[in-house]
Amino acid sequence: NSLLLARLTHHHKSGIQTMWRQQVTLSTATLLIGSAVVLPLVLATGFIVRTLLGSAYHAIIPVLQLLFFSRLVIFVGQVFIFGLMAAHDDNFVLFTSLAGCGGNVLLTLFLLPRIGLVAAGGVSVVTEFGLFAASFLRTRRLVRLQLMGSSDDSPSEVVASPPFNQEKQ
């Protein structure tokens with residue numbers, strides 16, 4: 001996974017549109033590869049749990065299925081998160097990561113007593129999808145800003161817009 005950042009960083013010479021094209025290609029590939037692994041696991045979770053752990057652990061099946069699915073969301077979403085880091089939008093990545101972690105903990109604490117372990121798995125999927133969506137939308141915004149006539153070809157100039165990357169005085 002850490003190799004993705006290196007693949008996205010050469011956009012500084014060729015423009016953020018190149019990075020966007022790479023991200024779309026990589027996210028499609030990771031979705032296909034991840035789905036080929038995760039979907040069979042989700043479908044076989046019941047069989048695997050009953051075979052390895054016995055019927056006493058039947059209640060964890062939906063939780064495991066949700067957690068498997070959240071790994072797929074993370075696998076695809078990391079492409080856009082790494083792209084934002086390559087574009088030097090670190091403050092946005094930090095802010096959304098902290099918001100996602102905080103939201104995950106608070107929602108889990110609130111829902112766990114009411115819904116049980118399924119809440120933890122569901123909250124994980126929702127917060128990871130939220131991080132993915134925020135990163136995707138932020139990257140798309142950066143590409144649109146550059147296409148609308150940024151005077152500088154440097155993606156860091158496009159990214160350096162308030163409120164996330166304010167210049168130090």
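When the side chains of ILVMFWY residues are joined at heavy-atom separations under 4.5 Å, either directly or via intervening members, L72 and V126 end up in two distinct hydrophobic clusters. One hydrophobic cluster holds both V73 and L107 under the rule that ILVMFWY side chains link at heavy-atom gaps under 4.5 Å. Linking Ile, Leu, Val, Met, Phe, Trp and Tyr residues whenever their side-chain heavy atoms come within less than 4.5 Å places V76 and V37 in a single cluster. Hydrophobic clustering, with ILVMFWY side chains joined whenever heavy atoms are under 4.5 angstrom apart, keeps L31 apart from I74. Residues L41 and L117 fall within the same hydrophobic cluster, defined by Ile, Leu, Val, Met, Phe, Trp and Tyr side chains chained together at heavy-atom separations under 4.5 Å.
Nearest heavy atom pair, residue V125 against residue S70, reads CG2-CB, 3.6 Å. Scanning all heavy atoms of the two residues, the minimum distance from G83 to Q23 falls at CA-NE2, 3.2 Å. Residues F92 and L84 approach most closely at CD2-CD1, 3.6 Å, considering heavy atoms.
Exactly one of V143, V24, T139 qualifies for a side chain to side chain contact (heavy atoms under 4.5 Å, CB included) with M19. That residue is T139.
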Please tabulate, for the side chains in residues 130-137, all donor-acceptor contacts under 3.5 angstrom to protein atoms that are two or more places apart in sequence or on a different chain.
{"residue": "S135", "atom": "OG", "partner": "L131", "partner atom": "O", "Å": "2.9"}

Mind listing the side-chain donor-acceptor pairs of residues 46-66 below 3.5 Å, one per line with the distance, residues two or more places apart or on another chain?
{"residue": "T51", "atom": "OG1", "partner": "F47", "partner atom": "O", "Å": "2.7"}
{"residue": "Q65", "atom": "NE2", "partner": "V42", "partner atom": "O", "Å": "2.9"}

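Legend: residues meeting side chain to side chain contact (heavy atoms under 4.5 Å, CB included) with F110, ordered by chain and number and at least two apart, are R114. I115 pairs by the side chain to side chain contact (heavy atoms under 4.5 Å, CB included) definition with L111, V118, A119, not counting sequence neighbours. For S97, the side chain to side chain contact (heavy atoms under 4.5 Å, CB included) partners are V93, not counting sequence neighbours. Here T25 pairs with nothing under the side chain to side chain contact (heavy atoms under 4.5 Å, CB included) rule; sequence neighbours left out.
For residues 98-107, every residue pair satisfying the side-chain hydrogen bond (donor to acceptor under 3.5 Å, both in side chains) rule, not counting sequence neighbours, is listed here: N104-T108, N104-T127.
For the atom pair CZ of F80 and CZ of R138, the computed distance is 15.0 Å after rounding to the nearest 0.5 Å. Distance CZ/F75 to CD/E128: 14.0 Å, rounded to 0.5 Å. The OG1 atom of T30 sits 7.0 Å away from the CD atom of Q78 when rounded to the nearest 0.5 Å.
Under a 4.5 Å side-chain heavy-atom criterion applied to ILVMFWY residues, the cluster that includes V105 comprises L109 as well. Clustering of Ile, Leu, Val, Met, Phe, Trp and Tyr by side-chain heavy atoms under 4.5 Å joins L94 with L98.
Judged by distance alone, with hydrogens and angles left aside, the side-chain atoms of S35 form no donor-acceptor pair with the main-chain N or O of L32 at under 3.5 Å.
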